[in-house]
Amino acid sequence: MTGLPHAKHHIDKTRRQFLKQAGIGVSTIVLGSGVTLLAYPEASARSPDQPASSSIRWGLLIDVNKCTKECTACVSACSAENGWKLDGDARVDAQWIRKLEVKNPETGYQASFPVMCQHCEKPACVDVCPTGASFKRADGIVLVDKHTCIGCRYCMIACPYQARSFIHQPLSNQKSHAPRGKGTVESCTLCVHRVDRDQQPACVASCEKDGKGALMFGDLNDGESEISKRVAKFATRQIREDLGLDPGVRYQNL
Amino acid sequence: MTSRIASLTRFTILPVLMVMITLVSGIAHSESRVPEPVIELPTESEQCIRPKEFMRRNHMNLLKHKRDATMRQGIRTEDASLQGCVDCHAIRAADGSAIPVNAPGQFCSTCHEYAAVKLDCFECHRTTPEQVMNSTRLPDTPVHDRHLAANDAKVINLQNYLNEAQ
């Protein structure tokens with residue numbers, strides 16, 4: 001699958017046109033050996049020169065029953081996609097996504113699931129940021145604008161999910177689509193570079209391909225999207241609902 | 001104090017540089033009395049994204065505009081992308097490997113050194129072209145990676161985790 005940049009570009013373009021013209025539901029495109037792209041209609045409408053739309057609210061639904069303790073497909077994919085590594089030092093390690101293990105001591109119920117930036121509707125990190133670097137994009141994705149981040153780390157303290165981390169060491173050879181550097185805070189971007197190109201976040205794609213199919217990505221504002229139908233049909237919950245931040249990440253069967 | 005000196009230097013050096021660059025570009029090469037930055041241009045492409053004269057003066061404005069449009073609004077056009085500059089302007093060493101655009105004497109550092117401009121861009125941004133922009137491709141990484149798995153020693157109390165106020 002190397003040496004495909006042109007083919008890829010071409011496919012992206014034709015796919016967009018194809019979807020536009022045909023107004024198709026979910027279309028599947030197979031790119032040679034075993035690589036499948038799912039194109040969701042709600043994601044395909046935007047062309048590269050259009051800004052993210054406030055009519056969309058991107059969200060994740062995590063089915064905890066499907067997620068297993070051993071599987072780390074989502075974490076591995078995020079790490080490879082965004083170019084971060086763990087040093088094994090919990091105090092400074094990147095917190096883009098991590099697997100948690102939980103237990104209800106009363107019932108003995110145990111579960112494992114991934115936690116990442118919860119892309120809150122009312123993000124605490126944005127409230128405390130002194131420079132406006134923490135912000136929520138029109139389509140609900142919470143990001144750090146590293147160009148204005150001064151590394152004060154208030155947002156790391158404010159985040160109840162401990163979903164942000166600070167880069168302590170100089171880096172080189174970063175991914176072109178995920179610039180990262182010393183002295184700034186970072187967190188899950190919901191793979192905004194992929195979402196803007198009609199692709200699912202890396203964790204979701206990899207959970208589908210190599211994992212247990214426990215993650216679903218989509219537009220919570222679009223009543224016709226799979227994710228909206230699922231959250232309408234099944235009981236789901238957000239972590240720390242009591243804080244009223246209204247996360248865009250929901251958990252099913254937890 | 002230092003910043004005042006820096007801005008003084010900048011404001012005096014800049015006009016000088018601009019005049020010089022104009023002189024050089026106009027009539028090729030009349031001997032100048034001060035040394036000038038020697039810039040190595042890409043060989044694989046013939047044109048920049050705008051006329052060369054415009055680029056010399058305005059590339060920083062294009063970049064900063066594009067930066068905000070992409071970062072804040074998710075506009076993903078190719079025009080004035082920083083990675084785009086790098087893809088074209090990084091030249092190849094004899095062994096075929098790309099030389100970082102910000103290495104001493106390379107395209108994004110020659111003028112800046114001359115004009116005492118210091119960029120922080122490349123602390124985060126890649127300095128060489130990337131083989132494949134691999135976003136359609138999923139990384140080949142192990143599904144079961146002990147190193148990335150949850151730490152067994154730390155099983156969290158579910159009730160507290162979901163609702164600490166309880």
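Worth knowing before you read on, the calculation uses all heavy atoms, side chains too, and leaves out hydrogens, waters and symmetry mates. Just so it is clear, the structure is predicted and the values come from calculations on it, not from any experiment. Each chain gets a letter, A, B and so on, in the order its sequence line appears, and its residues count up from 1.
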Are more than 12 heavy atoms, taken from residues, nucleotides or ligands other than [X], located less than 6.0 Å from that residue's [atom1] atom?
X        : atom1 : answer
A:Lys103 : NZ    : no
B:Glu113 : CD    : yes
A:His168 : NE2   : yes

Heavy-atom proximity to chain B below 4.5 Å, by part of [X]:
X        : value
A:Leu143 : side chain
A:Thr148 : side chain
A:Tyr251 : neither
A:Ala138 : neither
A:Val144 : backbone
A:Lys182 : backbone

For this session: Using a cut-off of under 4.5 Å on heavy-atom pairs, state which of B:Asp68, B:Leu158, B:Thr128, B:Asn157 scores highest against chain A.
Result: B:Leu158

Problem set entry | Side-chain donor/acceptor of A:Gln174 to backbone N/O of B:Cys124, under 3.5 Å |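 Yes; judged by distance alone, with no hydrogens or angles, the pair exists.
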
Problem set entry | Worked verdict on B:Tyr161 versus A:Leu254 for side chain to side chain contact (heavy atoms under 4.5 Å, CB included) | CA-CA 11 Å; B:Tyr161 190 70; A:Leu254 187 65; over 6 Å; no

Problem set entry | Residue pair B:Arg126 / A:Asn173, side-chain donor-acceptor N/O under 3.5 Å |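 Yes, a side-chain donor-acceptor pair sits under 3.5 Å.
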
Exercise. Is there a donor in the side chain of B:Gln159 and an acceptor in the side chain of A:Asn104, or the other way round, less than 3.5 Å apart?
Worked result: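 Indeed, the side chains of B:Gln159 and A:Asn104 share at least one donor-acceptor pair under 3.5 Å.
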
Exercise. Can you say whether B:Thr127 sits under 4.5 Å from chain A via the side chain, the backbone, both, or neither, judging by heavy atoms?
Worked result: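 No part of it gets close to chain A.
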
Exercise. Which atoms of B:Glu123 come close to chain A, meaning under 4.5 Å heavy atom to heavy atom: side chain ones, backbone ones, both, or neither?
Worked result: both

Where is the tightest heavy-atom contact between [X] and [Y], given as atom of each residue plus distance?
X        : Y        : answer
A:Arg137 : B:Gly74  : NH1-CA, 3.2 Å
B:Gln73  : A:Arg46  : O-NH1, 4.2 Å
A:Asp145 : B:Arg72  : OD2-NE, 3.1 Å
A:Asp242 : B:Asn163 : CG-OD1, 3.0 Å

Problem set entry | side chain to side chain contact (heavy atoms under 4.5 Å, CB included) against B:Arg76, all qualifying residues, sequence neighbours excluded |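 Result, side chain to side chain contact (heavy atoms under 4.5 Å, CB included) vs B:Arg76: A:Pro48, A:Val192, A:His193, A:Asp196, A:Arg197, B:Thr70.
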
Exercise. Would a 4.5 Å heavy-atom cut-off, applied to side chains only, mark A:His177 and B:Glu130 as touching?
Worked result: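 They are in contact (side-chain heavy atoms under 4.5 Å apart), so the answer is yes.
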
For this session: Specify which of A:Glu241, A:Gln238, A:Gln110, A:His147 makes the most heavy-atom pairs with chain B at under 4.5 Å.
Result: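 Heavy-atom pair counts peak at A:His147.
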
Exercise. Looking at A:Gly181, A:Pro179, A:Gly183, A:Ala90, which has the largest count of heavy-atom pairs under 4.5 Å with chain B?
Worked result: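 Looking at each option in turn, the highest pair count goes to A:Pro179.
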
